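Residue indices begin at 1 and follow the sequence shown. Order of appearance sets the numbers: ligands from 1, and atoms from 1 within every ligand. In this text the structure is predicted, and so the values were computed from the model without any measurement.
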Amino acid sequence: MARRRQLYEGKAKILFEGPEPGTLVQYFKDDATAFNSQKKGTITGKGVLNNRISEYLMLRLGEIGVPTHFVRRLNMREQLIREVEIIPIAVVVRNLAAGSLSKRLGIPEGTRLPRSIIEYYYKNDALQSPMVAEEHITAFGWAGTQDMDDMVALTLRINDFLTGLFLGVGITLVDFKIEFGRLYENDDMRIVLADELSPDNCRLWDSKTNEKMDKDRFRRDLGKVEEAYQEVARRLGILPEAGMRDLKGPETMQ
Ligand code: UDP
């Protein structure tokens, strides 16, 4: 088979040309970066787990009517996705204070926020992805007001759904980052969830012990990084070792 043409290499993923027009192949690497790439490393097996976890979450979201770029998983590290025009805004949703919010505003990590907070960051490595307001986004044309309305509505649904899904397997969804793209079909344009959903861009804490089960273990040198990603997959019932045919459902926690 001819080698796929590489279109783009990011920090954790590579995009290849897809088998048919309008599709791409998304390859998940084990590479990990933090603090705007000042910290670099490898998390063995991360790509395989994130491919699975993202597939699982995007499929579940699809079932409740959240449109996503996901088509199907191709193999251990690759998934087929629809080609979208990425909106250059990272949308962060927070349920509990952590990370940059705690640092900037002096709110202790783990404080339950009075309501979920949505923040926007302009995706630009050279500028270290600064936080921006909706005003900047619409004024500079990164997204229109209708795009913003669609993104907020989808983001709130995604947050509610994922909060419940993770809570069901004993995990608190503290915060997460998502990205959206514009999907053009015939004469229509729809905003769809793109990129990935995995412990690389979510903060996931064990509901009972508050132990971190996400990329903070890498960022903060807490150790047992691979184990944490595996445990998330295990609780979701999608550990790769289980094999595709005998995948268990989520392990419900009381
Ligand atoms: N996040 C991400 N990519 C980034 C920055 C943040 O996926 O480039 C995620 C991060 O994993 C967390 C959420 O967005 O779940 C909020 O991150 P925060 O703003 O607290 O930044 P951090 O402390 O991670 O630098």
Side-chain angles (χ1 to χ4, degrees), residues 8-13 26 28-41 43 46-47 49-51 53-54 57-58 68-69 86-113 115-133 137 142 151-152 154-156 158-163 165-167 171-181 193-207 210-222 225 228-229 231-232:
Y8 171 81
E9 177 155 10
K11 290 170 225 161
K13 297 186 292 292
Q26 182 166 249
F28 288 76
K29 300 191 283 186
D30 284 349
D31 297 354
T33 62
F35 313 118
N36 290 299
S37 301
Q38 287 168 46
K39 183 180 169 96
K40 289 194 171 104
I43 303 173
K46 172 174 83 82
L49 290 162
N50 282 358
N51 188 20
I53 294 170
S54 200
L57 297 177
M58 294 251 178
T68 79
H69 73 163
I86 287 285
I87 294 172
I89 301 297
V91 179
V92 167
V93 191
R94 303 177 182 276
N95 299 307
L96 272 66
S100 70
L101 178 126
S102 292
K103 211 182 239 174
R104 281 190 309 110
L105 305 181
I107 301 173
E109 286 214 317
T111 308
R112 161 86 39 200
L113 299 172
R115 60 183 175 85
S116 302
I117 292 175
I118 300 183
E119 297 172 348
Y120 308 107
Y121 294 84
Y122 176 46
K123 270 166 59 79
N124 183 314
D125 283 342
L127 299 175
Q128 304 192 348
S129 297
M131 197 201 290
V132 291
I137 298 171
W142 298 322
M151 286 199 287
V152 169
L154 288 171
T155 297
L156 293 174
I158 293 167
N159 184 41
D160 281 352
F161 182 77
L162 291 184
T163 295
L165 185 146
F166 278 116
L167 204 57
I171 294 174
T172 304
L173 179 60
V174 174
D175 59 31
F176 60 97
K177 187 266 302 182
I178 45 181
E179 294 180 21
F180 292 95
L193 179 63
D195 192 47
E196 68 172 293
L197 268 175
S198 73
D200 266 11
N201 32 53
C202 300
R203 281 198 169 91
L204 303 168
W205 294 358
D206 182 281
S207 313
N210 280 345
E211 200 183 344
K212 297 184 198 320
M213 305 170 69
D214 55 56
K215 206 166 110 180
D216 271 349
R217 301 204 71 86
F218 167 78
R219 291 189 191 98
R220 303 178 188 188
D221 295 319
L222 300 175
V225 189
Y229 280 61
E231 178 61 11
V232 172

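Near Asp200, meaning under 4.0 Å from one of its heavy atoms, ligand 1 places the atoms 7 (O), 11 (O). Against a heavy-atom cut-off of under 4.0 Å, Arg94 is close to the following atoms of ligand 1: 16 (C), 18 (P), 19 (O), 20 (O). The ligand atoms of ligand 1 that sit less than 4.0 angstrom from a heavy atom of Gly99 are 20 (O), 23 (O).
Judged purely by atom type and a 3.5 angstrom limit, Lys29 uses its side chain to pair as donor or acceptor with the backbone of Gly10. Checked by atom type and distance alone, the side chain of His69 never pairs as donor or acceptor with a backbone atom of Leu193 at under 3.5 Å. Between the Thr163 side chain and the Asn159 main chain, a donor and an acceptor come within less than 3.5 Å of each other. Ser198 contributes no side-chain N or O that, together with a main-chain N or O of Ser54, makes up a donor-acceptor pair within less than 3.5 Å.
Of all protein heavy atoms, the one lying nearest to atom 14 (O) of ligand 1 is Lys177 CB, 3.5 Å. Nearest protein neighbour of atom 7 (O) of ligand 1, counting heavy atoms only, is Asn201 CB, 2.9 Å. Taking atom 13 (C) of ligand 1 as the reference point, the nearest protein heavy-atom neighbour is Asp175 OD1, 3.5 Å.
By the 4.0 Å heavy-atom criterion, Tyr121 is counted among the residues contacting ligand 1. In this structure, Asn36 does not count as a contact residue of ligand 1, since none of its heavy atoms falls inside 4.0 Å of the ligand. Residue contacts with ligand 1: Ser129 is excluded, as none of its non-hydrogen atoms falls under 4.0 Å.
Counting heavy atoms only, Arg203 comes closest to atom 23 (O) of ligand 1 of the residues Glu179, Arg219, Lys103, Arg203.
Ionic pairing of Arg220 and Asp216 is present here: one or more N-O contacts between side-chain nitrogen and carboxylate oxygen are shorter than 4.0 angstrom. Checked for salt-bridge contact, Arg217 and Glu211 meet the test: a charged N lies under 4.0 Å from a carboxylate O.
For atom 2 (C) of ligand 1, the protein comes within 4.0 Å by at least one heavy atom. Within a 4.0 Å radius of atom 5 (C) of ligand 1, the protein has no heavy atom. Protein heavy atoms are found less than 4.0 angstrom from atom 10 (C) of ligand 1.
Qualifying salt bridge (Lys or Arg N to Asp or Glu O under 4.0 Å) partners for Asp200, counting only residues two or more places apart in sequence or in other chains: Lys46.
Side chain to side chain, Ser116 and Asn95 meet the donor-acceptor criterion of an N or O pair below 3.5 Å. Residues Ser102 and Arg94 bring no donor and acceptor atom of their side chains to less than 3.5 Å of each other.
With a heavy-atom cut-off of 4.0 Å, Val92 touches ligand 1 through its side chain alone. At a heavy-atom distance under 4.0 Å, no atom of Asp214 approaches ligand 1.
Under the salt bridge (charged side-chain N to carboxylate O under 4.0 Å, His left out) criterion, the residue pairs touching residues 98-107 are Arg104-Glu119, with sequence neighbours excluded.
The shortest N or O to N or O distance between Ser100 and ligand 1 is below 3.5 Å.
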